[in-house]
Every structure is written in structure tokens, then in C-alpha cells.
Amino acid sequence: DRGQHETVIPSELPLGQELTSTLREWAVIWHKLYVNNKTTQFRHVQQLTYSLIEWRSQILSGTLPKDELAELKKKVTAKIDYGNRILGLDLVVRDDNGNILDPDETSTISLFKAHETASKRIDERIQEEKVPLVSLICPLHLYVNFKNFVCNIGEDAELLMSLYDPDLSKFISENYLVRWGSNGMPKEIEKLNNLQAVFTDLSSSDLIRPRISLVCQIVRVGHMELKDGKKHTCGLRRPFGVAVMDITDIIHGKVDDEEKQHFIPFQQRQLIMSPLITSHVIGENEPLTSVFNKVIAAKEVNHKGQGLWVSLKLLPGDLAQVQKDFSHLVDRSTAVARKMGFPEIILPGDVRNDIYVTLIQGEFDKGKKKTPKNVEVTMSVHDEDGNLQEKAIHPGAGYEGVSEYKSVVYYQVKQPCWYETVKVAIAIEEVSRCHLRFTFRHRSSQESRDRSERAFGVGFVKLMNADGTTLQDGKHNLIVYKGDNKKMEDAKSYLTLPCTKTEMEEKEAPLGKNLHPLANFTPTKDSTKDSFQIATVICSTKLTQNVDLLGLLNWRSNSHNIAHNLRKLMEVEGGEIVKFLPDTLDALFNIMMEMSENETYDFLVFDALVFIISLIGDIKFQHFNAVLETYIYKHFSATLAYVKLTKVLNCYVGNAEDSSKTELLFAALKALKYLFRFIVQSRVLYLRWVQPFIPVPPLGNPLEKITQCFVFFPSQGIFVACMTAILRQMEDFHYSHYINTFKTRQDIIDFLMETFIMFKDLIGKNVYAADWMVMNMMQSRVFLRAVNQFTSVLNRFFLDQANFELQLWNNYFHLAVAFLTHKSLQLETFSQAKRSKIIKKYGDMRKEIGFKIRDMWYNLGPHKIKFIPAMVGPILEVTLVPEPELRKATIPIFFDMMQCEFNFSGNRNFHKFENELITKLDQEVEGGRGDEQYKILLEKLLLEHCRKHKYLAASGEVFALLVSSLLENLLDYRTIMHDESKENRMSCTVNVLNFYKEKKREDIYIRYLYKLRDLHTDCENFTEAAYTLLLHAELLQWSEEPCVPHLLQRDTYYVYSQQELKEKLYQEIISFFDRGKVSVSPCSYSRPALGSSLWFVATFYENIMKAMRPQPEYFAVGYYGQGFPSFLRNKIFIYRGKEYERREDFNLKLLTQFPSAEKMTSTAPPAEEIKGLLAHPRAASSPHYYRANEVQQFTHSRPVRKGEKDPDNEFANMWIERTTYTTAYSFPGILKWFEVKQVTTEISPLENAIETMELTNEKITNIVQQHIWDRSLPVHPLSMLLNGIVDPAVMGGYTNYEKAFFTEKYLQEHPEDQDKIELLKQQIAIQMPLLAEGIRIHGEKLTEQLKPLHERLTACFRELRRKVEKQYGVITLVREPGFPMFCPKGSQLPLFHPWVGVRWFHRIPESARLGKTFETIESNLPRSPCRAALPQPCCQLRIC
């Protein structure tokens, strides 16, 4: 045991150790991918991980031979390097044997080249496997393993399996063919247990099909009928049955079990001669698609145990990847059945030339026969000389092609429907010379008769049209020619004739019917009753059906039409272009390069290229982005294309004012991304070509010459590696010697200046890729050592008063800070494994340079003041690095700066430092730096140092707490900015801007105002957005003074003076007010407004008068418990609801925002142990102006009984508990909610009675005034109100008041209520003239139906009035001039209270003199004491 010197040697091989650490690191990332639901990457990493685990077990087993272990080592290291790259991990550099290079034992240049080689190798691997990773489209393939077929046929059979869409009655794929012998085994015995196929290229369009089926057509090969004997014809292909399986769940990925065997029941086709076929019987002569649809629709199939057994699995990735990843399933012997159509992505190099021909149907005259013919169609491919193309027809995957294909024979059917599809595959160069020939022959069941039967007709179709385009997709009605058999076999005899009926009609029109002199053929459509229909689908990456695209691709053979073809290209359908994308791009660049003497082609090629790039940008073809990128980086070869592309682009930009080129320029700018990729790649290819001829300057003085190299070759990492290698070999005495070689002090200054600038430039430019961790750390370690050497030079030569060089020291500090904050050194951003690896090998270089910065700062002495405030920001960056020791060492520099400015400024303060720190702190925290620990440590260290200082104790402590408060707000703001709740983000934004408002930092304050404005507009809070902008406008004057830069926060405002900016802001504010539907604008023009502004304001006020302005609801919400954010916790807020927002909607919004909170059912605050309760929202509303504008106080009342209940008089002990909420700001404002203070008061029963009477009088007055102003109002509400007051049954109210308050006993017990009793009596008396006016108006609007009611009201009121006037006196109302309401006689006092009537009534403008009149005579009438305590205006809250 050697104690701390003990060396632990792992028993595992180095490769095993690397595998273990790699798997641990990948596991963390794999888990994150799963949590973040990144399914594609998750599955990819899963495959990589499983491979490594399997190989690790093989390595650890120790049983592998040496050569196999070496081979496996190569595979493992390649897989690790590839996985590290796609996961964003560091590149591992290795030697030729796959061992990890030790940077301490490897030269810098070798290390650089190893990085370069490894990176290039991985890039090539990623390009090969780009589709599964880069593209979101991952092609899928259906693997089918044919296990067995059980059916009692007795003859040979052909099984044709394919994918089928039952909803469209359409085959999706070509056939997979299995030939089955009559002995119940495959025809080729070597295929036993090896019948496998892959149906390829299933795309997203196939995945969204509602249904998809695997169908199998069983064709019997033998006699016409099963019962026939030896003398009957053999070798006939006859329909026998079908088998169908719904595989929708497998295609959709819901079922995935390759081991499970699926049984597909067999359904036999029956020969039925009757024309009536029942729905459950599958007729032999029915069309194939009809047969499949019947079987699919049938719920049960009587299969009697007969059918197919298959296993199925969906395989992702391209075919090459599938063969790698599923080598146990798919090998070279597996048949490949391709989709009858193109995949979603056609990569360069994916050459395909398939022509699918479907025999659809025919109609054949029975001629001299009594029954319809048994027609067999023979299809073959011939050239123009009639030569047969051998093995060109493929009935199904799994077998070689055949020279002639014979169709199924339907027994005695006049109109047979085959729906048989075969693939024609011939060389591309032969397509133009070839045609398809179809011969028709009657097949007899008797062998002797069948031998004598000859072909009775022939049809043909050419594969290429006269214009060079390929045969169009779709159906073709062929002409069936009849004649001599020898003529039928002679291609020259029929190729000059029209092949389709459409072609015949086109030729007949100008030429009449004398089409051909051959009498042996019947060439016209009238001379034969036979018809034959086929359908073709061309799947070719080299043959086009578009004549314009063909003209471009064959431009060399038709060079005089290049301009025409280039223009026509932009009219070609996009789907046709993307199929031939690489060839089209090749043609364009070949034209540009080979026809360079004609500049017209340059512009046309450029426009065509822009068109193609725009086409790829369309969402329909966005999957071809990968194809375009692959073409650019792997196939594009035009080395001088960049010259012409940049020339045309410059021309378009330079003539931007030319309206004829506007659309072309706009299209080019949209395609700029890929245009520049072409330009850059072309330039790169050119440089690669000319690079061997570029002279490299010789090296002299190492640092000086390396600097020159870097200037000449800024993108070449090899030169930086050379410099690093030289610096790495220099010892301390080399540096000293080199400095001593400079003859003058200025030479040293120039050298250090250039070196500091170069180092900082290299650090900032990231010469090496981020994943070159070893190279980056090597460079950082060498640079750090060099910089530390130069610090001694600074201290020795440039520190004293006489020789101090400010710029040199400034460059040093900025270099040191840039080095310390470089992202390659921020260990906390790395995984634990990487962090441990770096610390073990290199240590934390940030601490070393940080401590050096601290020491160099303190060395400055009296020169420190020269760096304040410029160095505040860089030092702040250093302190924000989340390294505790570094923070503790560098934060005291702030106190040193405060102290320095305090001592040397002359003002005995540190305002420059304070302002700069606040500005930079805001920028840094918003940029993502800083945390709660930093806030605590900064406050602690500043307070410790300030409290020890004689003069900075007080001001320093205030500043420390101020910065701590700012940090708290900024951290809350940054945290909440990622919150989905924009309301929380608004709250934090307001907290921050209020801080800057108090500190008078207008520049930052305005910036946050606009952030708040943007949040409001996003939420459509237009009123609050207007009030936010109003705060900016209030900072401006109506003057011609120019706007300082920080006042101009908007790029859209091009103004010079403050008054111009203020007017622009007011216009935007008024626009927001109008959109927010508020009823007043607080904007006031203090100077003569322009006509446009006046019109703008007038329009706004017109909208107020005419448009409906819904009034908002108000909700009081309390947040109690630790589960809420700090700015909400244990506080009450009033919320201004949106238009027509109901309480239920508001409740739902709050509970959605805080799903874990519990809604309280009581308005009382919860107990202390409650951690996350949401108070029950309480709503308030009012129809008047001041209940929707300038509202700051709200009331909520609830009845409380004290003492025993008096059964005869409920008013005697009815107290009211009233809570008044006062918000911090009035509504509406810069937020839809404000925090409140609440005050709870109690109202005595007498005060409650006074208030009740006042409210009743107010109600009567309001309805009377409304009827006076608008005679058209209905009288029913007035009738209800009057009846409820004057009816004798309600008289108990006055009686209760008299019993409760107007007694000697009450006055003796409450002598202080004498004035209140008088006020109550006065309110009762005032009610009489109001009722009288109401009854008068009621009488004027009297109808016959209301006459009895009115008479009763009049009688009741007469009795009531007599009693009240006798007990409480008489008050008469008069209408005073200038007042739109009644007043008591002898007084100008408005009848209803100003806080209800004047201030709130929407028909009375705020500018009227009523308010002033009230203020002068208010003392004439005692006021309700319960209301006197309420500042105006005030809203009432009601519990909902």
C-alpha cells in the first residue's frame, strides 16, 4: 500500500474503458432525448448504444482472435466517433491503430492533422447516412417472410403479392412473385424457407392512408378446367383465388412483432356462367379489383384451413441502411418489390428506369364462334426492326425477366378485365427505339384445336413520342389490327400506323381514311369491333414526359433553342423538375460555363436556378432540401460559377429601382441562402484547384511571421497550429531573450499591441471547431502561458508613472477577460465526464487568469481611475463566471473601484461606477448570466467592505442593497421570460422598469417600456399598451429640442425634435385606445395640433360617441402560499377583466395558469400552513364612466349581526362590514392588475339605513332623469320601482327606522348620532318630491292597461306623502338653469351625491362646473359618514 502515491491500473483494456465511459455519457443524453420526445434521434442513439453494448461484451469476453479484435476495434472507434458527432460531443483523435492520442506526447501539428482527418472521416460518414438524421422523412419498407401456402389445387400455381389501397381500388407496389408447385412446395426447392421480400419506399403519404392491405392473387397454371385430362391444353394461366390481409396497424407502427406468423385466409374464385352473381360469391370472371374489394368487405371467409402464413415487419431507413441494421432479415437474396411511383426523396445517384404496364380490359368479337373467345394476351418488347428484347418483362420481384408475358385466360368472356401489372425494364438508350407489342389469341381447352389457333389480332404502343418525350402516364385505348400473321410479326408493317384511337382520330382529320396501303390490316376504327386498353406508369429519373424539360436536358443537340428552353423551364410542373433535379442543375451550370460568351444565358440560367431553389422552398417539396444540399457538396463541380452568379446578383441589386426587375430581385433574395452556398462551394472548388500554386511566405521571427501568416490566411487552422507549436516549445528564457532583442521601448509596445490584438482575435473567431476539444484546450493552455509571460513585461516596463501605457494595459485586460469568458473554458456547461477530464488534464484555467487579472488590477495603483468606468463591464463579466473561488477573488475589485472614484473624482461619490454597473448588469443578466448565489455573494462582500470604510459605510451599504434589489428583479424577469404566462412576464417587467424609473435611468427604463408594450399587444391588451406608451410620451416636451438617442427606441420613428416624437406617440396611443374601446383619451395637445392630428382625435371621439364601449368586470384575487412566485405570494390584486369576460372564464384562466393551486370558497385569508391556495375571485361592475376609468378604490360589503336578533325589527342590529381595496395605480393603467391595500371598517345600523335611503333616492333620481332626457324609454321599469316604494306593504321600512332610531331610548344610548338621525329624516323627506316627479311622468305615459295601477299608485302616494310631510317636513325640487337635474329649492346643491351622480354619470362631462359648485356648498347638507371616509371615485365589489 503506497498511500496517496498508489497508482490504480484498470484491468479492462483501454478500448473497454473508453466504451464504458462513452456508454455512460450517451445514456444521459439518451434519457434527455426521451424526455424531450425527440423520437427520431432517440431511436438512432438507441441503435448505436445497443451496438456498442454488444461489441463491449465481445471484447470483454476475451475470446476473439487477434485479427477479429483488430477489426472490431475499427468498427467500435468509428461508431463512437460517429455517435459523438451527432450528439454534439467532442471529437476523439486517434492514431492509425485506433488508440487515443495523448496531447502531451503528440506534436501540435500532428494533433491538428489528426483532428482534420478524423473530422473529415466523420463528415463523410454523416453524408452517407444523412437521410435518417438530417431529413425528417425516413423511408419505410415492409418486410414479408413467406412461410407456407396450403391449398388443394393439384396443379402448379403463381402467387402474386402486392400492396393495395382498398379505398382507391389501386395497387401501390409491384408484385412479389412466388411459384408454387403442385406438390405443395416452392417450384425451386432451394427457395424453401427462404421466400422473403421487401416492399420499399413507403412514404408519409402511404402512412396516412386510412386502409392498406396485403393482397395475393393465386393463378393456377395448367388446364382450362381442373377436371380436364391429358388430351386437354396445358400451361394456361387461369384465375383461381385471392387472399387479403389488412396491414394498416402494421404500417402505422401499432403492431411490431417479426416473430408472429399471420394467417391470410384463401378465397377461391368460382366459375359461374349465370350473369347474376350473388354478393357473397367470388366469380372467376370478375375484375380483379372487384374481387379484392368483395373479400375485404366480407366479415368472414370460409377458408376451410386454406391460406398463406407470413410474418411482417416495418423497417425504417433507406434500403442500404436497412441491409446494415437488419442484416438478420434482409440480405442480397431478399427480393425487392418497388413502389409504383417515386419515393418522397430522390437522391442523386438513385437511377431508376421502370415502365409499369397494366393490362386493363378488352372487348373481342366472337366472330364465327358461338361463344365468346378465351382470349390470351401475349406481351413482348421489340425494337424498330422487330427484334425481341430478351428478358425485358418482369411479372414480379424474385425472378428474372421473361421475353414474353402471357396473361390470364378468362373462360368465354367477351369483355375480360385482367388488371395484371408487369414491369418493363430496358436500357435507357434503347427506350427511344422500342415499342410494346400485344398479340391476341383464342385458347381452346382441347389441345388439338389449340394448336391450330393463330393470333387473330395485334396491338402496339411506342415507348417514346415523336417529340422525344416518354409515353404519357395514364390509360391508352389501343387499336387491334387484324390480318396476316406474318405481317403482324413484321414491325415495319405496323409501326407506321397509329397505335391508339386518339392518334388515329388526329391523323384521320387531315388525311381521310386512306392511312396505309396494306390490305392485310384493318387500320380504321370502323373496320374492327375489337378494343384493348392498357395503362402505363413511368418511374424514371432519366426519361421525362415534359417536352420543355427534355429540351433543356438535351440542350447540346438543340443549342439554338437554349434561351427558349430556359424560359420554358420555369413553366414546368414542380414534381417533374424535382425528379430530375441533379440532371437539371447539371444542365444549367453546363450552359453557364460552356456558353460563357453569351451573357444573356447567364441571366436566364440565374433566373432558372432561383426558380428551382424557390421550388424546393415550397412546403410541398421541402423534403428535397437534402437532395439539393447533397448535390451542392458532393456533385456540383462548376469552379467558376461563382463569378457569373455574383455578377448577375450584383446587377439585380444595383438596379433595384428598375421596376421590371423587382420581382426577379425579390425572388433572388428569397433564394439567397442556397445561391450563396453555390457561390461559396464554387469558390472553395476554385481555391482547391489553385491552392498548390499559392506561395507560402517564409518564416522569420516566429511570432511576427506567424502573425503575418494569420493575416494572409485567416481561415487556415494549420497556420494557427504552427504558431501554437512554436509557442509551445518556447521556455521562459526564450520569452525573455526575445523581448530583449527589441531595440526601443516603442518596438516592445508595438509587439505587445499586435500580439494582444491577434490573441484576442483568435480567441473570438474560434479557429477550430467546437468539438475539437483537445486542440482548443491545447491552444488555450499555450496562450495562457504566453499571456502570463507578457504580464511580467507590462509590470516591468509600463507600470511606473512616466512609462504607463493606458492602451496597452487596456488591451491586456480585454484579452484576459475574453480568454476567461471563452465558451470552451466554461466547465459548468459540460457534462460531468467532460468536466472531470478537463480538470484532470488542464485544470481550471479561468481561475489562473482570473487571479492574474485581480493582481494586475491592484498593481495599477493610482492609474486605476483611468479605467473607470470602462473596465466595469469586463470585470463584471469575470465576476459572473459561476466559479465560487473566482467570484470571491474578483468581486472586491468593485469596492476598490468605488473607493477609487470616491477618492479621485472630487465629488466624493461613485456615480460613474454606479451607473455603469447598473447598465452592464442589466445587459449581462438579460443575456443569461448571473444567479441567486451571485446576488447573495455580491451583496455580502460589498456590505463587508463598505461597512469597514470610514466614508463609504452609509452610501456603500445603500448601493449594495440597491444592486441586490436590482439583481433580484432582473433574475425574476429572466426566469419568468421563459414562462408561458405572459401575465407573469408583465409583472416582472413592471418591477424592473419601476426600479429604473426611481433611479432615473431613462435609457433602460424606455427599453423595458417597449418590452411591456410588445407583451400587451401580443395579448391584445391595447388599452394597457396605450398607457405604457403614455409613460414614454410623458418624458418628452412640446419643444423643438432634438431627441437624445435613448429617447428614440423605435426604428419606425424618423423624427428630429421631441414634439415630433411626442405627436407620433400620441397618434399611436390614441389608436391603441380606440382598439381597446376606452371612453376617454388622457392625451392632451399642449401646442397647436396639426390638421391630421385633430382629425385623428376627432375620429376617436366620434367612435366613443357612436360605437358601443363594453364596460369591464373587476376581480379581486389573493394568492396565498409558498407555491406562488415571490411577486404574487401572499398578496391581493385587483384584475381588470376583458370585454364580456365572465367569472367562470376568469376562474378557468387562473386555474390553468396555476394548476396545482386550490380555489378558496371563502373571502377570509387562509391559515398559516396553507402553501398554495388561490383566492376566490370577486367581481365588480358599474355602467358609469368612473367605474371603467380612473378607478382606484373598490368596496366589498357583507352584513353582520351583533347581539340578539329582534324578530320585529331586523334593522336594529344589522351592521355592515365593509372592506375597501385601494390599488397602487388607477385603472386602466400599464397592467390589467394592480396590488391592493385593504382596509376593513364597520357601518352601524343607522349608517346602513342612511346609505339605503340615499341609494334608493339615487335610483329614483336616475330613472326620472332618464325619462326626462329620453321620452321614448319604456315605462315598465318606472312602474315597478314606484310600486315597490309607495305600496303600503313596504311602508314597514319607514316604520322600522322609526322604531329602531327615532326613539328617546336610542337617543339616550347614542347621543352622538343626533346629526345622523336628522340626515336620515331628511333623506326620507327628499324622497317625496322625487316620487311625485316620478308619478307625474308615469301619468304622462299612461296607457289603458296601466290606468288601474296608476290610480293605486296615486292613492298610496297621497297617503304616504301626507304622513311623511307631517313628520319630517316638506322639500320642494326646482330645475335650476345650467343643471341637467333637480336640486332642493333654495340651494344649488345637486340632488344626488357627486360620488354617485356627478362623477359617475356618463352624460355629464368631467369639464362641467358641477364638481366645482359641489365643492363650495358641500357643507350645506350633512353627508353620510359612512361615505365621507371614502376618497372618490370608488367602485363597489360584489361577491359572485
Atom of [X], atom of [Y] and distance for their closest heavy-atom approach:
X     : Y     : result
A1026 : I1069 : CB-O, 3.6 Å
V1364 : A1325 : CG1-CA, 4.1 Å
N1248 : I1243 : N-CG2, 3.7 Å
A1157 : L1151 : O-CD2, 4.2 Å
I1134 : A1116 : CD1-CB, 3.6 Å
L1012 : T989  : CB-CG2, 3.9 Å

Next on the checklist: Using 0.5 Å steps for rounding, measure from the NZ atom of K1138 to the OG1 atom of T1023.
Outcome noted: 10.5 Å
Do the side chain of [X] and the main chain of [Y] share a donor and acceptor less than 3.5 angstrom apart?
X     : Y     : value
N1021 : L1231 : no
K1321 : Q1367 : no
K1232 : H1016 : no
D1145 : E1141 : no

Using the ring of each side chain (for Trp, its six-membered ring), is [X] parallel, tilted or perpendicular to [Y], with breaks at 30° and 60°?
X     : Y     : answer
F1301 : Y1306 : perpendicular
F1146 : F1115 : parallel
H1350 : H1338 : parallel

Next on the checklist: Side chains of W1233 and S987: any donor to acceptor distance under 3.5 Å?
Outcome noted: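 Yes, W1233 and S987 have a side-chain donor paired with an acceptor closer than 3.5 Å.
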Next on the checklist: Under a plain distance cut-off of 3.5 Å, with no hydrogens placed, do Q1327 and Q1323 share a side-chain donor-acceptor pair?
Outcome noted: no
Before we go on, tell me: are the rings of [X] and [Y] under 6.0 Å apart, centre to centre?
X     : Y     : result
F1124 : F1154 : yes
F1227 : Y1114 : yes
Y1027 : F1073 : yes

With a 4.5 Å limit on heavy-atom distance, are the side chains of [X] and [Y] in contact?
X     : Y     : result
V1286 : L1331 : yes
L1346 : S1279 : yes
I1371 : M1328 : no
V1200 : I1216 : no
P1199 : W1215 : no
T1195 : Y1221 : no

Checklist entry - Does the distance from a Lys or Arg side-chain N to an Asp or Glu carboxylate O, for E1024 and R1136, drop under 4.0 Å? => result yes
Item to check | Worked verdict on E1359 versus K1363 for salt bridge (Lys or Arg N to Asp or Glu O under 4.0 Å) | outcome: CA-CA 6 Å; E1359 179 63 25; K1363 179 180 179 182; over 6 Å; no
Next on the checklist: side-chain hydrogen bond (donor to acceptor under 3.5 Å, both in side chains) for K1062 and H1032? Distances and angles first, verdict last.
Outcome noted: CA-CA 9 Å; K1062 191 161 187 170; H1032 184 193; over 6 Å; no
Item to check | K1131 to Y1119, cation-pi by 6.0 Å centre distance and 45° axis angle | outcome: no
Next on the checklist: Go through it in stages, so that I can follow the logic: the residues are K1316 and E1247, the test is salt bridge (Lys or Arg N to Asp or Glu O under 4.0 Å), and I'd like the CA-CA distance, side-chain angles, deciding distance and then a yes or no.
Outcome noted: CA-CA 7 Å; K1316 296 177 184 177; E1247 292 168 342; 2.7 Å; yes
